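Single-structure report; data block below.
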Amino acid sequence: MSAPPPGTFPRRTFLLCGLAGAAAAGSAELYHLHRHHHPHRRADGLYHQIRLAWPDADNSPVLNVAAQKNFLTHYNLDLLPFNNPPEDGDEAITALAKGEASFAVAPATTWLTHLNQGLAASLILGVQPGTFRLLVRRATGIQRLNQLLNRTVLVGEHNNAGKLFFATMMRRKGMNSMEKINWKIVPDATLTAPDTLAEADAVVTDDPQGWQLLSTQPGVFSELAGSTTGAYSERTNLVLGISHTAPDTEADAATALTLALKDAAKWSRTHLQETATLMAQTSDGLNAQTIFRMLQKEPVIQAITGQKLREQVAQYCDELQLLGLLPQTADSSALAHRFTHNPLRN
């Protein structure tokens with residue numbers, strides 16, 4: 001069965017899926033990539049229209065590459081328009097729970113809090129690592145995490161995952177981070193406004209916002225901690241999940257989507273300059289060179305499935321238990337097995 005022409009997409013969020021010129025440029029690279037790719041389970045080759053809820057999709061290197069370099073169309077996938085793009089992982093998961101989407105992408109910690117509350121879904125692919133940054137005002141003299149206790153830390157209203165990341169990091173060092181820090185939640189649009197920043201000692205952000213703050217105000221902010229270096233940089237953050245109430249045909253679509261995003265992740269990490277050029281076409285105000293410099297300072301893009309994903313989900317379960325957001329008596333490994341599924345397994 002041949003695929004009908006790809007659908008059209010809104011200007012934002014999936015504008016990146018409709019940009020021209022990708023087919024001819026990407027065909028040779030796709031052949032080279034797939035010639036050496038032998039998954040346990042292959043895509044069924046049929047055409048699939050899917051709804052995917054992906055917050056901040058325009059800033060994702062993996063989705064930009066998947067759409068513009070024809071990895072989605074190679075697997076006969078057509079992303080249907082999403083009228084109200086989600087602002088964050090919670091909204092993406094809510095869309096999935098309401099049946100407005102069969103697939104969603106959200107931070108791992110966001111998924112786990114919903115899954116623990118009974119959400120009928122499975123995690124199938126760790127898409128890419130996080131880019132959380134904890135920036136402190138140089139004038140405060142803060143040089144250690146424990147100096148943040150009883151201080152004000154700004155967090156964007158749609159970045160709870162960033163807050164949990166740093167709260168966990170501090171909890172591991174014995175600090176009561178959830179209660180001893182004044183986490184001030186502000187609208188994302190005003191997070192970097194001078195008046196807002198002046199009210200805080202530190203700010204939790206992620207890229208591209210975090211990169212822009214560091215780049216444009218190096219004399220004002222320094223990075224105290226983050227997920228872009230060390231062991232944390234090797235952990236997935238954004239995770240793809242599928243609803244248990246999706247139509248039966250979506251199981252085959254899940255295989256195709258997993259393969260497309262895995263291939264796109266592999267391509268993007270070996271073609272950073274071109275990935276930056278693709279992202280610049282959907283980004284708000286960032287040029288390709290700025291994005292390229294940002295990508296060079298971010299974690300290596302890795303997409304993970306199967307056992308590796310389960311192990312990392314179990315780690316996240318352990319950390320949410322530290323914060324009291326999952327039951328202390330729960331077995332993290334058992335939860336990870338229950339919450340994950342490998343669509344590439346025969």
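Since this is a predicted model, take the numbers as computed values, not measurements. All residue numbers refer to positions in the sequence shown, counting from 1.
Side chains of Glu311 and Gln307: a donor-acceptor N/O pair is present below 3.5 angstrom, by distance only. For the residue pair Glu250/Ser102, the side-chain donor-acceptor check at 3.5 Å is satisfied. Side-chain contact annotation: Asp90 with His114, donor-acceptor N/O pair under 3.5 Å present. For the residue pair Asn64/Thr275, the side-chain donor-acceptor check at 3.5 Å is not satisfied. A side-chain donor-acceptor contact under 3.5 Å links Asp318 and Ser332. No donor-acceptor contact under 3.5 angstrom links the side chains of Thr216 and Gln212, judged on distance only. Donor-acceptor pairing under 3.5 Å is lacking for the side chains of Thr236 and Gln302.
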Exercise. Before giving the answer on side chain to side chain donor-acceptor pair (under 3.5 Å), spell out for Thr205 and Asn159 the whole-Å C-alpha distance, their side-chain angles and the decisive distance to 0.1 Å.
Key: CA-CA 7 Å; Thr205 183; Asn159 194 14; 5.4 Å; no
ask   = Step by step, would you call Thr113 with Asn116 a side chain to side chain donor-acceptor pair (under 3.5 Å)?
value = CA-CA 5 Å; Thr113 53; Asn116 183 58; over 6 Å; no
> Should Tyr232 and Phe132 be marked as a ring pair (Phe, Tyr, Trp, His ring centres under 6.0 Å) after you check the CA-CA gap, both sets of side-chain angles, and the distance that decides it?
Replying inline: CA-CA 10 Å; Tyr232 287 113; Phe132 301 123; over 10 Å; no
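Checked for salt-bridge contact, Lys184 and Glu199 meet the test: a charged N lies under 4.0 Å from a carboxylate O. Salt bridge Arg172/Glu319: present, at least one basic N to carboxylate O contact under 4.0 Å. Under 4.0 Å is where a charged nitrogen must lie from a carboxylate oxygen, and between Asp206 and Arg133 no such pair does.
Rounding to the nearest 0.5 angstrom, the gap separating the OG atom in Ser283 from the CD1 atom in Ile291 is 4.5 Å. If you take CG on Leu257 and OH on Tyr75, they are separated by 11.0 Å, rounding to the nearest 0.5 Å. Rounded to the nearest 0.5 angstrom, Asn342 CG and Thr305 OG1 are separated by 5.0 Å.
Taken together through direct or relayed side-chain contacts under 4.5 Å among Ile, Leu, Val, Met, Phe, Trp and Tyr, Val153 and Ile185 form part of one hydrophobic cluster. Linking ILVMFWY side-chain heavy atoms closer than 4.5 Å, directly or via other members, places Leu125 and Leu344 in a single hydrophobic cluster. Follow the hydrophobic side-chain contacts under 4.5 Å out from Ile124 and you never reach Ile304; the two are in separate clusters.
Cation-pi geometry between Arg138 and Phe221 is not met at under 6.0 angstrom from the ring centre and within 45 degrees of the axis. Both the sub-6.0 Å distance and the 45° axial angle are satisfied by Arg235 relative to the ring of Tyr316.
Between the Gln147 side chain and the Arg144 main chain, a donor and an acceptor come within less than 3.5 Å of each other. Remark: side-chain polar atoms of Asp207 are paired, donor with acceptor, to backbone N or O of Trp211 under 3.5 angstrom. A donor-acceptor contact shorter than 3.5 Å links the side chain of Asp331 to the backbone of Ala334.
Within the 4.5 Å cutoff, side-chain heavy atoms of Gln209 are placed close to those of Leu191. Put simply, the side chain of Asn160 does not reach to within 4.5 Å of the side chain of Val155, judged on heavy atoms.
The number of heavy atoms from other shown groups lying within 6.0 Å of CD (Gln296) is above 12.
Checked against Asn182 for a side chain to side chain donor-acceptor pair (under 3.5 Å), the options Asn150, Asp201, Thr152 give a single hit: Thr152.
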